[in-house]
Amino acid sequence: MSRCCVLSALCALGCWLPLSLHGQPPFFALGGAAQHDEHCYRLTSEDSLHQASALWCSVPVEFDDMFDLRFLLYLGCEKTGGEGMAFVMHAAPDSTAFLGCPGLALGYAPLVSASCAVPQPSLSVEIDTRCDGPGLPWEMAGDHLALCRNGVFWTPLLPPVQLSTVGGGMRDCGYHSFRVAWKPSENILRVWFDEQLKISYPTQLGKDFFAGHRRAWFGFTASTGKFASTQMLCVRSITLEIDQEARDKRHFQDGVFVLPMPDENKIGFDFDFVKSQNVQIDLYSPNGSLIRSETLKGVTKLGHQLSVQGLPSGVYYVSVTNGRQQRVARKILYIAQPKT
């Protein structure tokens, strides 16, 4: 069994993948989608009106790690064709069974007049090749990109980004490069089209779009409406890699627990690190003045107490750092106890 197939089997079992992946894992085709050759898929065809299709990758992305996804998109030849396609990430339970509505919904979004499965929570990048009406907030005259949440295409997160103003735009009988990348230590989602950076969106991806989930499935949806068009997609490369900087930061944050000790005039700390490291503890007053500071060396698993004897009752701030731009900050309500 190939490595991609092994990874796919592990994903199906819901396992966390501690490996890096380069290449192409299997994809699942729905609706009008069909595999064309080893790396390419037809999403819609020139003889099918009001068609919807979807293509879902069998391997999810982990929000603790980076991904760099590169594709080639064929958006048709017909200047009046449509409707376009969308790159979609979702964290719905059934990873590969979702297909939205045809027409302006681009296969991922709902329509008032139809009942279509829409995965939520989700993030989508539209590649829209047909204007459905002037003056609509999600539309513009030329082919464009739009960033949307939970299938709500009528309220994009950013103004639509123009791709071309020439003739039929991207419906030029040729392939166009499309790339989506994210690195958790940077917290910026980036989208390129034809090697040009088109979207740079600051986000803590897992927290902002997929709260409560550690991973998301990704793929493409596409549709036609009253005008048909052949639309294809080729997978150029799927790169999923460990972002060690982000993992170290999370492990440090998970390894620091601050405990109020109201009867002891102390603040307690419980440290539990995978690797030994030096720890700096700083206590600040409400106005930001440094009150007390301690340095602990070679900490792995340790219970520690910082005396606050003599300080008045009030709100204080604790900062715990390790000298590698990793920090935990906590607000503490301290109630002074009389000496006995």
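Bear in mind the structure is a predicted one, so any value in this text is a computation, not a measurement.
- Taking hydrophobic clusters as Ile, Leu, Val, Met, Phe, Trp and Tyr residues chained together by side-chain heavy-atom distances below 4.5 Å, Leu69 shares a cluster with Leu73.
- Of the options Leu296, Val320, Leu259, a side chain to side chain contact (heavy atoms under 4.5 Å, CB included) to Phe269 is made by Val320 and by none of the others.
- Under a 3.5 Å cut-off, the side chain of Asp194 and the backbone N or O of Ser177 do form a donor-acceptor pair.
- Here Asn278 pairs with nothing under the side-chain hydrogen bond (donor to acceptor under 3.5 Å, both in side chains) rule; sequence neighbours left out.
- Shown here are the side-chain contact (heavy atoms from CB on, under 4.5 Å) partners of Ser313, two or more places apart in sequence or in another chain: Ile335, Ala336.
- Neither side chain, Lys275 nor Gln277, offers a donor N or O lying under 3.5 Å from an acceptor on the other.
- In this structure a side-chain-to-backbone donor-acceptor pair under 3.5 Å is missing from Arg179 to Arg190.
- Contacts of Phe252 classified as ring-ring contact (aromatic ring centres under 6.0 Å, His included), with partners at least two apart in sequence or in another chain: Phe273.
- Judged by distance alone, with hydrogens and angles left aside, the side-chain atoms of Asp172 form a donor-acceptor pair with the main-chain N or O of Gly174 at under 3.5 Å.
- The main-chain N or O of Gly32 is never found under 3.5 Å from a side-chain atom of Ser53 such that the two would form a donor-acceptor pair.
- Annotation: ring-ring contact (aromatic ring centres under 6.0 Å, His included) contacts involving residues 219-240, sequence neighbours excluded, comprise Phe71-Phe220, Phe87-Phe220, Phe178-Phe220.
- For Leu49, the side-chain contact (heavy atoms from CB on, under 4.5 Å) criterion is met by Ala228, not counting sequence neighbours.
- With hydrogens and angles ignored, the 3.5 Å screen pairs no side-chain donor or acceptor of Arg214 with any backbone N or O of Glu62.
- Using modelled atom types, one finds no donor on one side chain facing an acceptor on the other under 3.5 Å when comparing Thr129 with Asp143.
- Donor-acceptor pairing under 3.5 Å is recorded for the side chains of Thr295 and Gln280.
- Under the 4.5 Å side-chain heavy-atom criterion for grouping Ile, Leu, Val, Met, Phe, Trp and Tyr, Val328 is connected to Leu306 within one hydrophobic cluster.
- Ser45 contributes no side-chain N or O that, together with a main-chain N or O of Thr230, makes up a donor-acceptor pair within less than 3.5 Å.
- A donor-acceptor pair under 3.5 Å is absent between the side-chain atoms of Ser276 and the main chain of Thr300, judged by distance alone.
- Counting only residues at least two apart or in different chains, ring-ring contact (aromatic ring centres under 6.0 Å, His included) contacts with residues 280-325 are absent.
- Judged by distance alone, the side chain of Thr224 and the main-chain N or O of Gln51 form a donor-acceptor pair under 3.5 Å.
- Formation of a donor-acceptor pair under 3.5 Å by the Asn187 side chain with backbone atoms of Pro202 is not found in this model.
- Phe67 has its side chain within reach of Val180: a pair of non-hydrogen atoms, C-beta onward, lies under 4.5 Å apart.
- Taking the side chain as every heavy atom from C-beta outward, Asp282 and Ile291 never approach each other to under 4.5 Å.
- The only member of Tyr108, Phe218, Phe210, Trp56 that meets ring pair (Phe, Tyr, Trp, His ring centres under 6.0 Å) when paired with His90 is Trp56.
- Under the 4.5 Å side-chain heavy-atom criterion for grouping Ile, Leu, Val, Met, Phe, Trp and Tyr, Val256 is connected to Leu302 within one hydrophobic cluster.
- Between the side chain of Gln231 and the backbone N or O of Gly84, at least one donor-acceptor pair lies under 3.5 Å.
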